[in-house]
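As structure tokens, the structure follows; a few thoughts come after it.
Small disclaimer: the values here were computed from a predicted structure and weren't measured. When reading the values below, keep in mind they use all heavy atoms of this one structure, side chains included, and skip hydrogens, waters and symmetry mates.
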Number of protein chains: 2
Amino acid sequence: MGTVSNVLTGAAVVSPERRERVLTVIRDSGYHPNFVARSLKLRQTRILGMVLADITNPFFAQMVRGAEDAALKRNYVLLTFNTDDHVEREKHAFSVLRSQRVDGILLVVAPGPKKPSHILDMLKTGGPLVCLDRVPPGLKVDSVTVGNFAATRECVRHLIALGHRRIGIVAGNLNLQTGRERLNGYLAALRDAGIKVAPELIRKGDFHMESGYQLGLELLLSKRRPTALFVSNNLMTIGVMRALAESGLRCPQDLALAIFDDMPATQVLQPPLTAVAQPAYTIGQRGADLLMDRIESKLADRAPVTIRLAGELKIRESTTGSRPGKGDSNLEPRVLGGGGKIPLSI
Amino acid sequence: MGTVSNVLTGAAVVSPERRERVLTVIRDSGYHPNFVARSLKLRQTRILGMVLADITNPFFAQMVRGAEDAALKRNYVLLTFNTDDHVEREKHAFSVLRSQRVDGILLVVAPGPKKPSHILDMLKTGGPLVCLDRVPPGLKVDSVTVGNFAATRECVRHLIALGHRRIGIVAGNLNLQTGRERLNGYLAALRDAGIKVAPELIRKGDFHMESGYQLGLELLLSKRRPTALFVSNNLMTIGVMRALAESGLRCPQDLALAIFDDMPATQVLQPPLTAVAQPAYTIGQRGADLLMDRIESKLADRAPVTIRLAGELKIRESTTGSRPGKGDSNLEPRVLGGGGKIPLSI
DNA sequence: GTGAAAGCGCTAACAG
DNA sequence: CTGTTAGCGCTTTCAC
């Protein structure tokens with residue numbers, strides 16, 4: 001009935017008494033408007049697809065939360081898909097999502113071929129798409145990412161400022177933009193300080209726990225081990241911590257540790273870890289808002305919007321707790337935040 | 001066109017050449033079948049709603065992952081909703097989900113009124129619903145939960161076996177089944193051992209970080225502080241760890257610590273924490289499968305199915321690293337798993 | 001203001 | 001085996 005629709009959507013004016021009658025009937029008949037029918041008619045589902053690596057990673061979980069909160073505010077809901085960074089699963093997700101006629105997709109792209117057909121298709125047909133955290137190489141897309149390069153460089157500079165010269169890195173998956181940018185930030189910091197890059201201090205991991213453990217162990221047990229170590233993400237950090245415990249080395253006395261990706265737990269580790277905190281929630285939030293703006297074509301045909309958010313360096317005792325052999329002891333590090341009250345207890 | 005439908009669904013037989021022709025046209029026209037239309041016709045969306053407290057909590061993230069993997073296998077997708085344990089948001093989620101005509105709902109119920117209308121409605125109208133982790137009090141519903149009582153009792157018994165008599169507990173939200181069951185498990189273990197319950201050692205938290213911190217601090221700084229502490233979930237544990245660091249007390253020398261909810265990080269803490277591990281992934285998986293069975297009415301009208309999964313006690317150094325004053329030193333704890341190789345390094 | 005009617009893309013039933 | 005058609009529940013246009 002047209003009148004009912006008008007009452008619900010407020011599209012046209014309905015007389016008060018009629019309106020009231022409709023409303024009461026709806027209430028006590030337990031009626032729920034059928035969005036499926038509405039979607040079919042309107043060609044608009046108010047569903048946002050979200051395709052990401054793994055919701056089990058706290059970083060992505062935060063992102064999802066940010067996106068969901070933003071979506072809910074504007075009466076959208078979120079349909080999520082985990083790919084574990086497999087392109088095949090990403091393709092499948094896209095296929096399902098497009099069939100479900102989601103209004104747009106938030107994508108944390110998996111590493112894969114240069115020209116991923118499912119993404120190109122989406123773009124070509126004008127399907128709203130916003131990339132989060134990473135951007136597929138060579139594509140012009142709306143995106144919300146973090147300044148990995150700058151944040152890592154700042155973090156490694158902090159280590160250098162403390163007097164470290166032999167600084168190791170457990171790098172992430174270099175097929176991923178984030179992995180590359182963080183490695184480059186590390187290299188830039190060394191270069192700026194005139195420190196020669198030691199290839200044996202650069203270990204290439206895959207952003208997962210096990211590689212952190214293996215590579216961490218290798219580095220820690222090597223003959224000329226580093227005095228400081230940068231780990232490229234949260235999961236690998238857990239692995240490195242395990243390696244550290246097994247090695248019997250102490251942090252920060254034997255090894256300073258700085259990591260990318262702050263987590264609730266890193267503050268309660270002994271010692272608390274110096275970390276680059278990412279605005280994960282904000283990435284999701286801004287990404288979803290950007291996507292919904294596109295969907296509602298508030299952005300008209302504006303060229304791709306790229307938002308870069310800054311990481312924040314949280315300096316804690318894992319780096320400041322001691323100095324390497326001949327370090328300048330009068331060189332006080334800038335303290336940018338966090339961890340002030342917790343005493344060094346190891 | 002009917003033929004196209006038949007090709008896609010395989011409902012009727014189509015001649016090979018016609019079939020081929022349809023298939024190629026579909027391929028190179030970038031056609032995606034419209035699930036919205038199909039859903040309207042079939043009154044079936046192949047979407048599962050999932051309403052939970054907070055995906056940012058690793059425990060729930062694992063659950064979601066389990067549910068999604070199970071759903072995908074049977075060609076369903078997951079629409080998630082975070083409630084932060086607010087009934088109002090849960091109600092809203094239900095309303096949206098029912099309007100979206102999801103085929104069923106997986107619910108981690110929020111604490112609330114005895115007779116939650118949205119849930120009763122759902123049940124009354126025969127909407128498939130499976131409760132995960134917790135069951136709304138007094139309702140007969142399909143559910144997948146964990147044996148909180150037994151697991152906690154076993155865990156506290158372990159503390160008692162080590163010689164502890166003054167055992168504190170940071171309890172969770174007692175409006176939640178999980179919070180109550182864990183507290184009861186604690187009480188049962190004490191009672192079985194003939195230990196008098198000391199009210200000042202029982203602190204009631206809310207499952208969040210801050211309450212863990214506050215209550216932990218209170219317990220640790222109290223005059224006659226416990227020699228062992230049981231913390232009722234992962235988030236509060238982080239708070240307790242912070243309190244522990246601030247208090248200057250050492251674990252396990254000054255205080256043995258055992259917690260509910262194992263996390264990747266708890267194994268790399270120094271010392272590694274004794275913890276009850278929950279089969280979070282399995283809860284999601286079994287729950288989703290149960291729900292889909294209901295939807296496809298494979299269960300016909302079988303009475304509510306209640307699945308209880310067991311928690312697993314992982315004994316680590318936070319409890320075994322030392323004994324309380326007059327403990328039996330010949331009383332070796334059963335080691336049920338984990339942590340064997342990591343040396344005590346504090 | 002209000003009620004009737006067309007049509008969104010699909011499936012299922014049916015006639016050819 | 002194939003093509004046509006009704007109808008899922010909604011929104012929107014149009015005549016009243």
Output the rounded distance in Å from CG (Asn6(A)) to C1' (dT12(D)).
9 Å
Here the distance between atom C1' of dT11(C) and atom NZ of Lys41(B), to the nearest Å, is 5 Å
How is Leu42(A) classified with respect to the nucleic acid when contacts are heavy atoms under 4.0 Å: base, sugar-phosphate, or nothing?
sugar-phosphate
Is it true that Asp289(B) and Lys73(B) have a side-chain N and a carboxylate O under 4.0 angstrom from each other?
no
Is a salt bridge present between Glu68(B) and Arg89(A), judged by a nitrogen-to-oxygen distance below 4.0 Å?
no
DNA chain C contacts among residues 91-105 of chain B, heavy-atom distance under 4.0 Å:
none
To the nearest Å, how far apart are Arg38(B) CZ and dC10(D) P?
21 Å
Whole-Å distance, Glu17(A) CD to dG1(C) P, equals 10 Å
Using five pairs at each end of the helix from dG1(C)-dC16(D) to dG16(C)-dC1(D) to define an axis, what is the angle between those two axes, to 10°?
50°
Distance check needed: dT2(C) C1' versus Arg21(A) CZ, whole Å only.
12 Å
Could you check how far CG of Leu40(A) sits from C1' of dT11(C), rounded to whole Å?
13 Å
Ile119(B) vs Leu107(B), side chain to side chain contact (heavy atoms under 4.5 Å, CB included): CA-CA, chis, key distance, verdict:
CA-CA 10 Å; Ile119(B) 298 178; Leu107(B) 171 66; 3.8 Å; yes
For a side chain to side chain contact (heavy atoms under 4.5 Å, CB included) check, start with the C-alpha distance between Met50(B) and Leu132(B), then their side-chain angles and the critical distance, and finish with the verdict.
CA-CA 10 Å; Met50(B) 182 150 190; Leu132(B) 303 183; 3.8 Å; yes
Is Arg43(A) near enough to dC8(C) that one of its side-chain N or O atoms lies under 4.0 angstrom from OP1 or OP2?
no
Does dA12(C) have OP1 or OP2 under 4.0 Å away from a side-chain N or O of Ser5(B)?
no
Whole-Å gap separating P (dG7(C)) and CG (Asn34(B)):
18 Å
Taking only side-chain N and O atoms of Ser39(A), does any of them lie within less than 4.0 angstrom of OP1 or OP2 on dC10(D)?
no
Nearest 0.5 Å, what's the CZ-OG1 distance between Arg134(A) and Thr145(A)?
12.0 Å
Hey, mind stepping through Asp85(A) and Leu176(A) against side chain to side chain contact (heavy atoms under 4.5 Å, CB included) and telling me if it holds?
CA-CA 10 Å; Asp85(A) 276 337; Leu176(A) 256 26; 4.1 Å; yes
Within the supplied structure, the quantity of interest is the number of heavy atoms (other residues, nucleotides, ligands) at a distance under 6.0 Å from Arg74(A) CZ; does it exceed 12?
yes
Strictly below 4.0 Å: does Tyr31(B) bring a side-chain N or O up to OP1 or OP2 of dC10(C)?
yes
Among Leu129(A), Val109(A), Leu79(A), Ile105(A), find the one that has a side chain to side chain contact (heavy atoms under 4.5 Å, CB included) with Val51(A).
Ile105(A)
Any carboxylate oxygen within less than 4.0 angstrom of a Lys/Arg side-chain nitrogen, looking at Asp84(A) and Arg65(B)?
yes
Are Gln285(A) and Asp69(A) linked by a side-chain donor-acceptor pair shorter than 3.5 Å?
no
Which residue, Ala37(B) or Pro16(B), contacts DNA chain D at a nucleotide closer to its 5' end, judged by nearest heavy atom?
Pro16(B)
In whole angstroms, how far is the C1' atom of dC10(C) from the NE2 atom of His32(B)?
17 Å
With heavy atoms under 4.0 Å as the rule, sort Val36(A) into base, sugar-phosphate or nothing.
nothing
